[in-house]
Amino acid sequence: MPTRTSRIPAKAKGILYVLSAAFFFSLMTFFVKLSGDVPSIQKVFFRNIVAFVLAFITLARSDEKFHMRKDSRWPLLLRCVFGAAGIVANFWAIDRLALADSNILNKMSPFFAIAMSYFILRERPNKVEWGSVFIALVGACFVIKPTAGIASLPALVGLFSGFAAGTAYTYVRKLSHQGERNALIVFVFSAFTLLVTAPYLIFNYHPMTTQQLIFLLLAGCGGAGGQFSITAAYAHAPAKEISVFDYAQVLFAALWGLLAWGEIPDALSILGYVIIIGVAVFRWRYNLREPETQTLQES
């Protein structure tokens with residue numbers, strides 16, 4: 001006898017998984033900020049421990065183990081460099097901005113990925129895609145709120161985190177085109193990030209309370225939950241049909257910021273949210289009318 005779950009369409013399951021990923025990733029940023037005055041690099045180290053362990057176990061149980069394709073080495077290295085820079089910048093911005101602001105600036109990554117795909121994948125975005133990048137940047141300006149030609153440094157760092165993440169995701173897409181396994185990409189990135197941040201901990205370790213350690217490990221669990229959810233989502237439906245729902249992360253983050261710190265986005269930030277999410281929804285609707293193409297994978 002078929003269960004009720006089995007009657008849920010694949011696309012609906014994909015949407016539910018994307019919403020789950022948005023929830024878990026918002027929890028990750030919430031616990032990162034909740035951990036307080038711990039240096040951003042130290043936060044990155046503890047956040048990646050969970051992903052490293054899970055990816056290690058996954059690969060150890062696989063048939064191919066830790067085998068890497070020869071043509072994956074340089075794209076993997078560049079994915080790691082941009083990914084590590086992006087996550088450090090994101091965590092640094094989270095500590096200095098309203099949680100919803102730092103989340104929406106990081107969510108500029110899909111638009112930067114459009115631009116970087118021209119240089120990395122030799123893909124030629126059409127006029128609609130270039131237009132969406134420009135409009136999204138206008139929306140980001142309302143969140144950054146430059147005054148007298150000088151923008152907020154934390155906001156600019158938050159925007160850079162979106163650029164670095166978008167570039168990293170483009171390399172993930174390149175690796176997927178080459179047939180590299182997602183688990184290996186996650187493992188190498190996590191291992192690289194741990195190795196890069198470890199020297200800082202050795203020479204400049206910031207003592208943490210038990211509570212702060214728990215918060216950072218919970219941030220790692222949130223990140224891992226988000227990764228598993230997003231992977232399951234794209235196994236059920238094409239990213240072009242469901243990825244727009246990932247912007248629910250901004251709404252979850254705004255809720256956590258309001259409940260924990262009484263953060264209320266100002267009118268300009270809200271306008272920026274509307275522009276960025278609005279152009280994302282437009283791209284989603286536009287892409288549904290286009291022939292199905294390869295789409296971005298997150299990690």
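Since the model is a prediction, treat every value here as computed from it, not as a measurement. Below, all heavy atoms of this structure are taken into account, side chains as well, without hydrogens, waters or symmetry copies.
T209 places none of its side-chain heavy atoms less than 4.5 Å from the side chain of F215. No side-chain heavy atom of T193 sits under 4.5 Å from any side-chain heavy atom of R47. Residues S229 and V18 fail the side-chain proximity criterion, which asks for heavy atoms closer than 4.5 Å. Contact of the M116 side chain with the L121 side chain is not registered, since no non-hydrogen atoms from C-beta on lie closer than 4.5 Å. In this structure the side chain of L78 never reaches within 4.5 angstrom of the side chain of I120, judged on heavy atoms. Within the 4.5 Å cutoff, side-chain heavy atoms of Y118 are placed close to those of P125. The side-chain heavy atoms of I87 and N48, taken from C-beta on, include a pair separated by under 4.5 Å. Side-chain atoms of K107 and I276, non-hydrogen and from C-beta on, never get closer than 4.5 Å to each other.
Separation of atoms CG (L201) and CG (L194) is listed at 10.0 Å; rounding is to 0.5 Å. To the nearest 0.5 Å, atoms OG1 (T170) and CG (L175) are separated by 11.0 Å. Once rounded to the nearest 0.5 Å, the distance linking CG of L218 with CZ of F31 reads 4.5 Å. Atom CZ of R283 sits about 6.0 Å away from atom CZ of F111, to the nearest 0.5 Å. Here M28 contributes atom CE and N103 contributes atom CG; the two are 8.0 Å apart, rounded to the nearest 0.5 Å. To the nearest 0.5 angstrom, K174 atom NZ is 13.0 Å from E180 atom CD.
In this structure, K33 forms a cation-pi arrangement with W261, its terminal cationic atom sitting closer than 6.0 Å to the ring centre and no more than 45° off the ring axis. Judged by a 6.0 Å distance limit and a 45° cone about the ring axis, R79 is positioned over the six-membered ring of F189.
Heavy atoms from other residues, nucleotides or ligands lying under 6.0 Å from CD1 of I264 number 12 at most. Counting non-hydrogen atoms of neighbouring residues, nucleotides and ligands closer than 6.0 angstrom, the OH atom of Y17 reaches no more than 12 such neighbours. More than 12 non-hydrogen atoms from other residues, nucleotides or ligands lie less than 6.0 angstrom from OH of Y200. The environment of K127 atom NZ is sparse: at most 12 non-hydrogen atoms of other residues, nucleotides or ligands sit within 6.0 angstrom.
Minimum interatomic distance between A55 and A183 (heavy atoms only, all atoms of both residues): CB-O, 4.0 Å. Smallest separation of non-hydrogen atoms from D71 and Q178: O-NE2, 3.0 Å. Here the closest non-hydrogen pair linking N106 and S161 is ND2-OG, 3.1 Å. The two residues Y273 and A100 come nearest to each other via the heavy atoms OH-CB, 3.3 Å. Contact detail for S26 and W256: the closest heavy-atom pair is OG-NE1, 3.0 Å. The two residues I94 and S102 have their closest heavy-atom pair at CG1-OG, 3.6 Å.
Hydrophobic clustering (side-chain heavy atoms under 4.5 Å, transitive across Ile, Leu, Val, Met, Phe, Trp, Tyr) keeps V50 apart from V38. In the hydrophobic clustering of ILVMFWY residues, with side-chain heavy atoms under 4.5 Å counting as a link, I202 and F46 come out apart. I144 and I270 fall into different hydrophobic clusters, where Ile, Leu, Val, Met, Phe, Trp and Tyr residues are linked whenever their side-chain heavy atoms come under 4.5 Å apart, directly or through other members. In terms of hydrophobic clustering, with Ile, Leu, Val, Met, Phe, Trp and Tyr side chains grouped at heavy-atom distances under 4.5 Å, I41 and F192 are assigned to different clusters. Residues V250 and I135 share a hydrophobic cluster, clusters being chains of Ile/Leu/Val/Met/Phe/Trp/Tyr side chains in contact below 4.5 Å.
Between the side chain of K43 and the backbone N or O of G36 there is at least one donor-acceptor pair closer than 3.5 Å. Between the R173 side chain and the Y169 main chain, no donor and acceptor come within less than 3.5 Å of each other. Between the side chain of Y247 and the backbone N or O of V281 there is no donor-acceptor pair closer than 3.5 Å. Side-chain N or O atoms of S20 include none that pairs as donor or acceptor with a backbone N or O of L16 at under 3.5 Å. Counting only distance, with no hydrogens or angles, the side chain of S269 and the backbone of P265 share no donor-acceptor pair below 3.5 Å.
Aromatic ring pairs are classed by plane angle as parallel below 30°, tilted from 30° to 60° and perpendicular above 60°; the pair F160 and F163 is tilted. Ring planes of Y171 and F82: parallel class, angle under 30° (limits at 30 and 60°).
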(message) The test is side-chain contact (heavy atoms from CB on, under 4.5 Å); show your working for L105 and L97 and say whether it passes.
(response) CA-CA 10 Å; L105 290 172; L97 295 172; 4.1 Å; yes

(message) Would F23 and L19 count as a side-chain contact (heavy atoms from CB on, under 4.5 Å) here? Give the steps.
(response) CA-CA 6 Å; F23 175 76; L19 292 175; over 6 Å; no

(request) Determine, stepwise, if the pair M68 / L184 fulfils side-chain contact (heavy atoms from CB on, under 4.5 Å). (result) CA-CA 8 Å; M68 180 191 304; L184 184 72; 3.9 Å; yes

(message) side-chain contact (heavy atoms from CB on, under 4.5 Å) for V133 and E129? Distances and angles first, verdict last.
(response) CA-CA 6 Å; V133 172; E129 290 170 325; 5.9 Å; no

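Residues D37 and Q212 bring a donor and an acceptor atom of their side chains to less than 3.5 Å of each other. Donor-acceptor pairing under 3.5 Å is recorded for the side chains of N126 and Y286.
Side-chain rings of F56 and F66 approach one another, their centers coming within less than 6.0 Å.
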